[in-house]
Amino acid sequence: MKIVVGGQMDKQSIAKLIESLAADKVTVEIKSDIEATLAIQMGQADYYVGACSTGAGGALGIATGLLGPAKCVSISTPAKTMTQQEINDEVAKGKVAFGFVNYDAEKVVPMLLNALLNK
């Protein structure tokens with residue numbers, strides 16, 4: 001499984017977190033938002049993750065524009081963090097791009113990886 005990290009904040013630390021949690025099961029690359037989204041479109045990556053201060057705009061703006069809202073979801077915003085079941089449901093619906101608030105990374109990335117690896 002290949003995951004690309006885009007978004008506007010903390011790309012390095014998010015990539016390191018993913019690698020520390022699932023290094024033997026995933027490949028991680030850091031890219032600009034447009035490069036990461038194009039990698040998804042062209043089948044060069046399986047999933048996109050990105051963080052910003054709202055979990056939507058800077059994290060998913062380009063992905064939503066190019067992939068469409070049916071493929072993208074904010075799993076964390078300043079007002080709400082999805083539960084494991086909600087994230088599982090979004091993965092099951094075919095979401096491939098996931099945005100979240102940068103300070104929620106330690107909480108939501110493990111749940112997201114759990115959902116992706118158990119899909």
Side-chain angles (χ1 to χ4, degrees):
M1 176 185 310
K2 186 170 186 177
I3 298 173
V4 287
V5 179
Q8 298 301 306
M9 302 175 89
D10 302 331
K11 291 179 191 180
Q12 304 287 351
S13 61
I14 292 166
K16 286 180 184 177
L17 178 60
I18 294 168
E19 289 172 344
S20 73
L21 294 169
D24 58 333
K25 297 175 183 129
V26 302
T27 303
V28 181
E29 281 189 25
I30 297 170
K31 295 183 174 285
S32 70
D33 293 2
I34 189 78
E35 291 172 323
T37 303
L38 290 173
I40 297 292
Q41 272 190 327
M42 297 186 319
Q44 297 171 345
D46 301 300
Y47 298 102
Y48 168 102
V49 298
C52 70
S53 59
T54 66
L60 286 175
I62 291 176
T64 301
L66 294 176
L67 301 174
K71 295 285 185 185
C72 305
V73 65
S74 294
I75 59 174
S76 156
T77 66
K80 182 181 188 302
T81 301
M82 285 188 176
T83 65
Q84 181 68 68
Q85 187 58 53
E86 290 170 321
I87 294 171
N88 293 349
D89 293 345
E90 294 297 334
V91 169
K93 290 177 190 173
K95 305 290 186 187
V96 296
F98 304 90
F100 49 90
V101 178
N102 63 311
Y103 56 77
D104 282 342
E106 297 272 334
K107 182 176 182 180
V108 297
V109 169
M111 290 191 294
L112 177 60
L113 287 172
N114 181 52
L116 297 176
L117 293 171
N118 292 305
K119 179 180 168 187

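In what follows, every heavy atom counts, from backbone to side chain, and hydrogens, waters and symmetry copies are set aside. Here the structure is a predicted model, which means the values were calculated and not measured. Numbers here are sequence positions counted from 1.
When all heavy atoms of Leu113 and Ala22 are compared, the pair lying nearest together is CD1-CB, 4.3 Å. Here the closest heavy-atom approach between residue Pro78 and residue Thr54 is recorded as CD-O, 3.4 Å. Nearest heavy atoms, Ile14 versus Ala105: CG1-CB, 4.3 Å. When every heavy atom of Phe100 is checked against every heavy atom of Val49, the shortest pair comes out as CE2-CB, 4.1 Å. Between Tyr48 and Leu60, the shortest heavy-atom contact is CE2-CD2, 3.9 Å. Considering every non-hydrogen atom in both Gly50 and Ala59, the closest pair reads O-CB, 3.3 Å.
Applying the salt bridge (Lys or Arg N to Asp or Glu O under 4.0 Å) criterion to Lys93, with sequence neighbours excluded, gives Glu90.
By the criterion of side-chain heavy atoms lying less than 4.5 angstrom apart, applied directly or through intervening Ile, Leu, Val, Met, Phe, Trp or Tyr residues, Leu21 is grouped together with Ile75 in one hydrophobic cluster. Ile34 and Ile40 end up in different hydrophobic clusters when Ile, Leu, Val, Met, Phe, Trp and Tyr side chains are linked at under 4.5 Å. Placement of Val108 and Val26 within a single hydrophobic cluster is found when ILVMFWY residues are connected by side-chain heavy-atom separations under 4.5 Å, directly or transitively. Both Val91 and Leu117 are part of a single hydrophobic cluster, where members link through side-chain heavy atoms under 4.5 Å apart. Note: the hydrophobic cluster containing Tyr47 does not contain Leu66 (ILVMFWY, side chain heavy atoms under 4.5 Å, direct or indirect links).
For the pair Leu112 and Ile18, the minimum side-chain heavy-atom distance is 4.5 Å or more.
For the atom pair CD1 of Ile62 and SG of Cys72, the computed distance is 11.5 Å after rounding to the nearest 0.5 Å. Once rounded to the nearest 0.5 Å, the distance linking OG1 of Thr81 with CG of Asp104 reads 4.0 Å. Atoms CG and CG, on Asn118 and Asn88 in that order, are 8.0 Å from each other to the nearest 0.5 Å. In this structure, OG1 in Thr83 is found 7.5 Å from CG in Asp89, a value given to the nearest 0.5 Å. Distance check: Met82 CE to Thr77 OG1 gives 9.0 Å after rounding to the nearest 0.5 Å. The distance from atom CE of Met111 to atom CG of Leu116, rounded to the nearest 0.5 Å, is 12.0 Å.
Side-chain contact check for Asn102 and Gln8: no donor-acceptor pair (N or O, by modelled atom type) lies under 3.5 Å.
One N or O on the side chain of Ser20 and one on the backbone of Leu17 form a donor-acceptor pair closer than 3.5 Å. Side chain of Lys119 to main chain of Ala92: no donor-acceptor pair is present (N/O by atom type, distance under 3.5 Å, no hydrogens or angles). One N or O on the side chain of Asp46 and one on the backbone of Lys2 form a donor-acceptor pair closer than 3.5 Å.
In Lys107, the NZ atom is not crowded: 12 or fewer heavy atoms of neighbouring residues, nucleotides or ligands sit closer than 6.0 Å. Lys95 NZ: more than 12 foreign heavy atoms inside a 6.0 Å radius. Around NZ of Lys80, the count of heavy atoms belonging to other residues, nucleotides or ligands within 6.0 Å exceeds 12.
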Next item on the list: Show your working on side chain to side chain contact (heavy atoms under 4.5 Å, CB included) between Val73 and Ile87 and close with a plain yes or no.
Entry: CA-CA 9 Å; Val73 65; Ile87 294 171; over 6 Å; no
